[in-house]
*Asks:* 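This is the structure I have questions about; it appears just below.
Here the structure is a predicted model, which means the values were calculated and not measured. Counting starts at 1 for both ligands and their atoms, in listed order.
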Amino acid sequence: MNIHIFDSQEKLNEAGARIIIGTVQMKQRAVLGLATGSTPTGIYEEIVREYNRGLVSFSKTTTFNLDEYVGLPIGHPESYRVYMQQHLFNFIDLPPDQIHIPNGSLEDTSVECKRYDERLAESGQIDLQLLGIGHNGHIGFNEPNHALLRETHTVTLREETRQANARYFKSMDDVPTQAITMGMGAIMKAKTIMLVVRGADKAEIVHKALTGLITTEIPASLLQTHPSLVVLMDAEAGRLFQS
Ligand code: GLP
């Protein structure tokens, strides 16, 4: 495990962008696993900046997003597809047919989960998986549980997860109760995982996940067993690693 703690958000964003861009430059047909939430936005901004300087092309890159809400219509402003368009995809040369995000608007989500795993299998291994962490230790939407699933699946969101994401919706009632998430299989199979953590409110969970017991009750703790894990944290999130 390779832990880096940064004294500014700018430096963290630059480092995160450099790792993603480096992966795309090194491999002809790189496969990226992408995340949403507040954590990666600065990294995406930095990638767009570097793209505009002509330093990278995504024309041969394939992307898989970790998750999507169930029940939001296509084009809903809080859907993760719209998030990705607004933060990254609208500004780079990634061909739309090389973008994969679970479709949470379909009636039968199990068909979509199966289809997603088939696409993942066809693309082989994810070269770089970007991850954030939830306050309860979830990754993607793999919520704490007595067992975790390997495959892409539909998950009922925990109340604390819905509350954490309520800030983006008009009211708590508008926050979806379910999501489709990539399972632990595809995440753990990624060649390299880059976990990004920001803010004092994540300090305890990230410390527990990376130094405590490995347990499905803290899904991110499984990352301890990954052979190539890079962790980027700001000083607040990394507080307990520095003492
Ligand atoms: C969300 C997403 C995760 C994200 C996490 C943290 O619910 N499903 O992919 O990493 O929770 O979100 P944030 O970065 O906004 O703190």
*Asks:* Looking only at non-hydrogen atoms, which of A220, G134, S38 approaches atom 15 (O) of ligand 1 most closely?
*Replies:*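 Heavy atom nearest to atom 15 (O) of ligand 1 belongs to S38.
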
*Asks:* Heavy-atom distances under 4.0 Å decide this one: backbone, side chain, both or neither, for R198 against ligand 1?
*Replies:*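 No part of R198 is near ligand 1 at this cut-off.
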
*Asks:* Is the shortest distance from a Lys or Arg side-chain nitrogen in E204 or K208 to a carboxylate oxygen in the other one below 4.0 Å?
*Replies:*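 Salt bridge: no.
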
*Asks:* Answer side chain, backbone, both or neither: which part of R167 comes under 4.0 Å from ligand 1, heavy atoms only.
*Replies:*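 For R167, the contact with ligand 1 is made by the side chain alone.
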
*Asks:* Using a heavy-atom cut-off of under 4.0 Å, does the side chain or the backbone of Y80 touch ligand 1, or both, or neither?
*Replies:*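 Contact part for Y80 vs ligand 1: side chain (C-beta onward).
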
*Asks:* What part of I133 sits under 4.0 Å from ligand 1 if we count only heavy atoms: the side chain, the backbone, both or neither?
*Replies:*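 For I133, the contact with ligand 1 is made by the backbone alone.
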
*Asks:* Please report whether ligand 1 has a polar contact with P40, defined as an N or O pair separated by less than 3.5 Å (distance criterion only).
*Replies:*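 Between P40 and ligand 1 (N or O atoms, distance only) the closest approach is not under 3.5 Å.
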
*Asks:* Work out whether the distance between some heavy atom of H135 and some atom of ligand 1 is less than 4.0 Å.
*Replies:*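 Judged by the 4.0 Å heavy-atom criterion, H135 does not count as contacting ligand 1.
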
*Asks:* Taking non-hydrogen atoms only, is D67 closer than 4.0 angstrom to ligand 1 via side chain, backbone, both or neither?
*Replies:*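 For D67, the contact with ligand 1 is made by the side chain alone.
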
*Asks:* Determine, using the 4.5 Å side-chain heavy-atom cutoff (strictly less than), whether I180 and V82 are members of one ILVMFWY cluster.
*Replies:*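 Result: no, two separate clusters.
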
*Asks:* Using distance alone, determine whether T36 and ligand 1 share an N or O pair under 3.5 Å.
*Replies:*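 Looking only at distances, the answer is no, because the N/O contact criterion of under 3.5 Å is not met.
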
*Asks:* Decide whether S57 and D93 meet the rule of one side-chain donor and one side-chain acceptor closer than 3.5 Å.
*Replies:*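 A donor-acceptor contact under 3.5 Å links the two side chains.
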
*Asks:* I'd like to know whether ligand 1 has A35 as a neighbour, heavy-atom separation below 4.0 Å.
*Replies:*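 In this structure, A35 fails to qualify as a contact of ligand 1 - no heavy atom is under 4.0 Å.
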
*Asks:* Any nitrogen or oxygen of T161 lying under 3.5 Å from a nitrogen or oxygen in ligand 1? Just yes or no.
*Replies:*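 Between T161 and ligand 1 (N or O atoms, distance only) the closest approach is not under 3.5 Å.
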
*Asks:* State whether E14 and K11 are salt-bridged, where the test is any N-O pair (Lys NZ or Arg NE/NH1/NH2 against Asp/Glu carboxylate O) under 4.0 Å.
*Replies:*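 Here E14 does not pair with K11 in a salt bridge, since their nearest N and O are not under 4.0 Å apart.
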
*Asks:* Side chain of E68, backbone of Y80: donor and acceptor closer than 3.5 Å?
*Replies:*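 Pair found, side chain donor or acceptor close to backbone of Y80.
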
*Asks:* Specify whether F141 and Y69 have parallel, tilted or perpendicular ring planes, treating 30° as the upper limit for parallel and 60° as the lower limit for perpendicular.
*Replies:*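 Taking Y69 first and then F141, their aromatic rings sit tilted (interplane angle of 30° to 60°).
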
*Asks:* When the ring planes of Y116 and H100 are compared, do they come out parallel, tilted or perpendicular, using 30° and 60° as the limits?
*Replies:*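 Ring orientation of Y116 relative to H100: perpendicular.
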
*Asks:* Work out which heavy atom in I187 is nearest to a heavy atom in I193; give both atom names and the distance.
*Replies:*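 So the minimum-distance heavy-atom pair works out to O-CD1, 3.4 Å.
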
